[in-house]
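Every chain is numbered from 1, with letters handed out A, B, ... down the list of sequences.
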Amino acid sequence: MLDIRFIRENAQIVDEALRKRGYGITVDELLSLETERRGLIQKVEALRNRRNIVSDEISRLRRSGEDASALIAEMKEVSERIKGLDEELKGVDGRIRDLLLNIPNIPHSSVPVGEGEEDNVEVRRWGEPRSFDFEPLNHWDIGETLGIVDFERASRIAGARFSLMKGAGARLERALMNFMLELNTSKGYVEVFPPILVNRESMIGTGQLPKFHMELFRTMEPELYLIPTAEVPVTNIHREEILNEKDLPIYYTAYTPCFRREAGSYGKDTRGLIRQHQFNKVELVKFVKPETSYEELEGLTADAEEILRRLGLPYRVVVLCTGDLGFSAAKTYDIEVWLPGQGRYREISSCSNFEDYQARRAGIRFRREGKKGTEFVHTLNGSGLAIGRTLVAILENYQQRDGSVLVPEALRPYMGMDVIR
RNA sequence: GGAGGGGUGGCCGAGUGGUUGAAGGCGGCGGUCUUGAAAACCGCUUCUCGAGCAAUCGGGACGGGGGUUCGAAUCCCUCCCCCUCCGCCA
């Protein structure tokens, strides 16, 4: 969330940011509540101060055996007033928090202004899409013909948007997971394997709740949420902590399954592995000092890109425009991989700098060496990479006329085979 | 799931309803001493909110929330977490 003091002093900047994102709200109501809040605080604190002074006085009188009943009577009334004001303040605080939790991050100045996907800006390309001397197939045709993915039985087991990987298909999921984790850890990311069910506070910390509850699977008794991305548990590793400056930056990488309701995407990518309720992903997460976070975003994106390069998969990088930017992000690069079966680039990684937005929600701070007080860290994360979509890209880019699929060089040690047939 | 025992500052650990933001210790920082270091000694060591240009002043925080009271770390209720034993279980 944003700093209420920042909003107070920069209302027009925040309103402008909301407008660029296509939000039809302003901070007017928030500001008047904030004024009300401060007025209440001043009133209630003056009364508390009075009560503290008089309580000491009462204590002294009682010790010396004098009568304090008049003061006690007065304080009884003061306490009642404090109680009333406290309740009022609590109500105002609650309303301010509700509003604050629903205001998105402010886009970085380098983010292009635009309304949607079509306004995202390509920043670079790598690799040449392969030219086929036959008609390239969709990954679901390739996968079903090879018998390595079974959609029909998956839907019997769980329903639409689930998949059952078999044989070399299951092996490929595992190979990709190991390949990615090993590459990431070799660069200094610490491997973690976190809970994939998390509590409400964690979902609020990274920004999925309260606004996007429709996207999440939830359990009852106890109320827990299935993670839509490892970003949630991994960023929350340091929730409510004060880190030491010398501990930063902290890099984590995590493999987890991810679960998404995909509410509102009916009819989109109904066939194949592109859009599933459950998918595997390896994630990269960073906790850094504010002054380095944009440099770190470039590094994070480069780390994700390297995975595609090593797999020989052509891709492009786009910077998301203000209208397409995620709720908590200040800047995001999407990496899109070339899919011959679709004849276009599709998102395979999303690398974002959240600046202090998540850190403020989650209470993740650090203390500078020799300085008083604390600051919020900057958090970043990106897929490195979405495993299901990487598998799709391999099937489509490495398919051969006879229906077999070559295994990319880098993956062969993990697959134990050169070709899937 | 059943029965008990606990949650206090970076850590360990005191704490009688009334100068206890909290003894003492450890750790950390600064200083004295020393050729240097150690030891010893001295001092300093939480976060947060509000007012103010500032110096500074005031409020709050002893797992979370509520209650009793003029006043709560201390009493009561409730939730969460940890530990031990029993049961169950991958």
Mind checking the [atom1] distance from [N] to [M]? Whole angstroms is fine.
N	M	atom1	result
B:rG10	B:rU45	C1'	11 Å
B:rA22	B:rC57	P	15 Å
B:rU46	B:rG65	P	23 Å
B:rG28	B:rC12	C1'	15 Å
B:rA38	B:rU32	C1'	15 Å
B:rC42	B:rC26	P	12 Å
B:rU68	B:rG17	C1'	12 Å
B:rG1	B:rC11	C1'	36 Å

Residues within residues 77-88 of chain A bordering RNA chain B, heavy-atom distance below 4.0 Å: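 Here the set is A:Ser79, A:Lys83.
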Those residues of residues 236-246 of chain A lying under 4.0 Å from RNA chain B by at least one heavy atom: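 Nucleic-acid contacts, sorted: none.
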Parallel, tilted or perpendicular, as decided by the 30° and 60° cut-offs, for the rings of A:Phe193 and A:Tyr255: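 The arrangement is parallel - the two ring planes meet at less than 30°.
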Bounds of contact between RNA chain B and chain A, in 5' to 3' order, using a heavy-atom cut-off under 4.0 Å: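 It runs B:rG18 to B:rG71.
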Toward the 5' end of RNA chain B, by each residue's nearest nucleotide, A:Arg367 or A:Ala73: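 Upstream on the strand: A:Arg367.
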Most 5' of A:Ile41 and A:Met75 on RNA chain B, judged by nearest nucleotide: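 Looking at the nearest nucleotide for each, A:Ile41 comes out on the 5' side.
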Over 12 non-hydrogen atoms of neighbours within 6.0 angstrom of CD in A:Glu117: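 Count not over threshold, so no.
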Could you tell me whether [X] contacts a base, only the sugar-phosphate backbone, or nothing, with contacts defined as non-hydrogen atoms closer than 4.0 Å?
X	answer
A:Arg62	base
A:Asp56	nothing
A:Thr374	sugar-phosphate
A:Arg5	sugar-phosphate
A:Leu71	nothing
A:Lys43	nothing

Is the shortest distance from a Lys or Arg side-chain nitrogen in [X] or [Y] to a carboxylate oxygen in the other one below 4.0 Å?
X	Y	result
A:Arg200	A:Glu223	yes
A:Arg260	A:Glu215	no
A:Arg156	A:Glu152	no
A:Glu291	A:Arg368	yes
A:Lys281	A:Glu283	yes

Evaluation steps, side chain to side chain contact (heavy atoms under 4.5 Å, CB included), between A:Leu248 and A:Val377: CA-CA 9 Å; A:Leu248 298 174; A:Val377 302; 4.0 Å; yes
Looking at the rings of [X] and [Y], which for Trp means the six-membered one, are their centres under 6.0 Å apart?
X	Y	result
A:Phe287	A:His378	no
A:His238	A:Tyr252	yes
A:Phe327	A:Phe212	yes

Each stem that RNA chain B is part of, given as range with range (3 or more consecutive Watson-Crick or G-U pairs, under 3.5 Å):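 When the pairs of RNA chain B are grouped into runs of at least three, the stems are B:1-7 with B:80-86, B:10-12 with B:24-26, B:27-32 with B:40-45, B:46-51 with B:56-61, B:63-67 with B:75-79.
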Within residues 40-52 of chain A or reaching into it, pairs that qualify as salt bridge (charged side-chain N to carboxylate O under 4.0 Å, His left out) - sequence neighbours excluded: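 Sorted result for residues 40-52 of chain A: A:Arg48-A:Asp86, A:Arg50-A:Glu74.
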Residue pairs fulfilling salt bridge (charged side-chain N to carboxylate O under 4.0 Å, His left out) with at least one residue in residues 104-116 of chain A, sequence neighbours excluded: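 Listed once each, the pairs would be none.
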Closest heavy-atom pair and its distance - A:Leu137, A:Glu396: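 The pair with the smallest heavy-atom distance is O-CG, 4.0 Å.
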Derivation of the salt bridge (charged side-chain N to carboxylate O under 4.0 Å, His left out) call for A:Glu262 and A:Lys268: CA-CA 9 Å; A:Glu262 295 297 344; A:Lys268 263 194 226 168; over 6 Å; no
